[in-house]
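Each remark here refers to the structure printed beneath this line.
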Protein chains: 2
Amino acid sequence: MLDFAVLGLLMERARHGYELKRALAELGFWKVSFGSLYPALRRLEKRGAIEAVSGTGRRKAYQVTDEGRAIFDSLLQADPDASETERAFQIRLAFLGHLPREHRVQVLEGRRTKLSTNLRSSREILIDARSNSQDQDRYRLALMEHAMRSTESDIAWLDGLVAAERGVASAN
Amino acid sequence: MLDFAVLGLLMERARHGYELKRALAELGFWKVSFGSLYPALRRLEKRGAIEAVSGTGRRKAYQVTDEGRAIFDSLLQADPDASETERAFQIRLAFLGHLPREHRVQVLEGRRTKLSTNLRSSREILIDARSNSQDQDRYRLALMEHAMRSTESDIAWLDGLVAAERGVASAN
DNA sequence: GAATGATGTATCGAAACGATATAGAAGGAT
DNA sequence: ATCCTTCTATATCGTTTCGATACATCATTC
């Protein structure tokens with residue numbers, strides 16, 4: 001998945017390692033370490049997805065190859081299975097602009113369905129957690145309740161994104 | 001950190017691996033894999049923090065030893081440094097009930113400070129992301145904005161928890 | 001010109017992940 | 001009764017990610 005994110009960022013322009021790390025952090029959801037990033041760059045290079053175009057000083061900028069673009073597209077278009085991580089979804093979302101509209105809506109609604117399911121099971125869990133909890137568990141309950149509210153807000157947000165897509169669609 | 005979480009759960013009662021996995025998932029923030037969990041159990045066992053008390057059938061229940069309780073306490077009381085993960089904080093929070101009130105408030109406010117700092121830098125990043133973005137980046141901006149709103153809501157939640165602690169304190 | 005701090009690449013050991021193998025127990029269908 | 005599927009449960013394998021640290025270069029400032 002890191003490979004996917006790196007490819008996506010390199011799609012716009014060549015970047016070197018440090019810059020990629022910063023860009024990933026600025027997306028807000030992933031403070032990737034060098035111990036993840038540099039091996040990832042080497043992996044991608046070995047697969048022929050990216051190539052080094054040495055930059056200023058000791059910088060090593062990388063750019064995507066045609067092969068890399070093909071890999072990125074296939075990763076982007078592969079329909080996300082049910083086991084997709086939170087993070088994997090966020091990466092997919094960050095680059096959703098590269099997909100056609102119908103496909104975008106599909107991804108968003110797939111995610112929405114998953115969150116709704118999660119929410120339902122959380123509700124059940126919470127109900128019987130509440131019924132047999134000690135005072136000590138107060139924070140655990142608070143944590144669960146807050147997580148549920150966050151999920152609800154995520155769902156509302158997804159609905160907003162879908163509505164925006166449809167709005168744009170009808171405006172076209 | 002997984003070790004910490006496992007110890008915390010075993011503090012209440014003996015549990016076997018599968019049960020621990022379920023319990024961790026039910027806390028809502030971590031779907032730990034067996035490939036993480038079983039090695040963690042073996043680690044803890046080797047350190048003398050837990051011991052197996054074989055249960056029904058092929059189940060292997062574990063219980064904390066005195067040594068384990070000591071380790072748990074020291075992990076709980078160690079003041080969380082700035083580099084503490086989201087997940088690490090959540091684990092700490094889940095077991096915050098084991099700490100005295102003043103210490104609890106301290107942990108909550110430490111977290112609040114960190115989130116506020118993050119929020120400020122996110123705001124700056126977002127401002128110049130907005131100023132030079134293509135239409136393609138629409139989803140990336142949406143992601144950043146949503147992350148910021150989530151953080152704001154987290155902060156408000158933390159404030160609520162602190163207020164509750166103080167409320168309880170004055171009621172006592 | 002020396003100290004300091006920001007930038008940048010790199011690597012190491014440990015931890016976590018995701019997939020998969022294996023197998024007993026439970027419950028239902030034929 | 002026995003077959004079949006599903007759930008429960010432990011375990012391990014190879015890969016990825018993490019966190020810490022080393023180290024080198026450049027810019028600033030004292």
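Labels below follow one simple rule: chain letters A, B, ... track the order of the sequence lines, proteins then strands, and each chain is numbered from 1. Small disclaimer: the values here were computed from a predicted structure and weren't measured. Every heavy atom of this structure was used, including side-chain atoms; hydrogens, water molecules and symmetry mates were not.
Whole-Å rounding puts the A/H16 NE2 to C/dA10 C1' distance at 15 Å. One can place CG of A/L41 at 12 Å from P of D/dT17, the figure rounded to the nearest angstrom. Separating the CG atom of A/L24 from the C1' atom of D/dT16 is a distance of 15 Å, rounded to the nearest angstrom. Atom CG in B/L44 sits roughly 16 Å away from atom P in C/dA14 (whole-Å rounding). Note: CG (B/L37) to P (C/dG18) measures 14 Å, nearest angstrom. Distance B/L20 CG to D/dT8 P: 15 Å, rounded to the nearest Å. Rounded to whole angstrom, the span from the CZ atom of A/R43 across to the P atom of D/dG14 amounts to 17 Å. If you take NZ of A/K60 and C1' of D/dT25, they are 15 Å apart, rounded to a whole angstrom.
Contact between the side-chain N/O atoms of B/R22 and the OP1/OP2 oxygens of D/dA9 is found at a separation under 4.0 Å. Contact annotation: A/Y38 side-chain N/O to C/dA10 OP1/OP2 distance is not under 4.0 Å. OP1 and OP2 of D/dT21 both lie 4.0 Å or more from every side-chain N or O belonging to A/S33. Side-chain nitrogen and oxygen atoms of B/R42 include none within less than 4.0 Å of the OP1 or OP2 phosphate oxygen of D/dA11. The phosphate of D/dA9 has OP1 or OP2 within less than 4.0 Å of a side-chain N or O from B/R59. Taking only side-chain nitrogens and oxygens, B/W30 never comes nearer than 4.0 Å to OP1 or OP2 of C/dA15. Contact annotation: B/K21 does not reach the phosphate of D/dA9 (side-chain N/O to OP1 or OP2, under 4.0 Å).
The aromatic rings of B/H98 and B/F72 sit perpendicular, their planes meeting at an angle over 60°, well past the 30° parallel limit. Note: B/W157 and A/H146 have parallel aromatic rings, judged against thresholds of 30 and 60 degrees for the angle between ring planes.
Within 4.0 Å of B/G17, counting heavy atoms only, lie sugar-phosphate atoms of the nucleic acid but no base atom.
B/H103 and B/Q106 share no side-chain donor-acceptor pair at under 3.5 Å. In summary, the side chains of B/T113 and B/S116 do not present any donor paired with an acceptor at a separation below 3.5 Å, with no hydrogens or angles considered.
Between B/T85 and B/Y62, the residue whose closest nucleotide on DNA chain D is further toward the 5' end is B/Y62.
Residue pairs meeting the salt bridge (charged side-chain N to carboxylate O under 4.0 Å, His left out) criterion with at least one partner in residues 61-73 of chain B, sequence neighbours excluded, are B/D66-B/R69.
Taking only side-chain atoms of A/F34, from C-beta outward, the nucleotide of D/dT17, C/dA10, D/dT12 with the closest atom is C/dA10.
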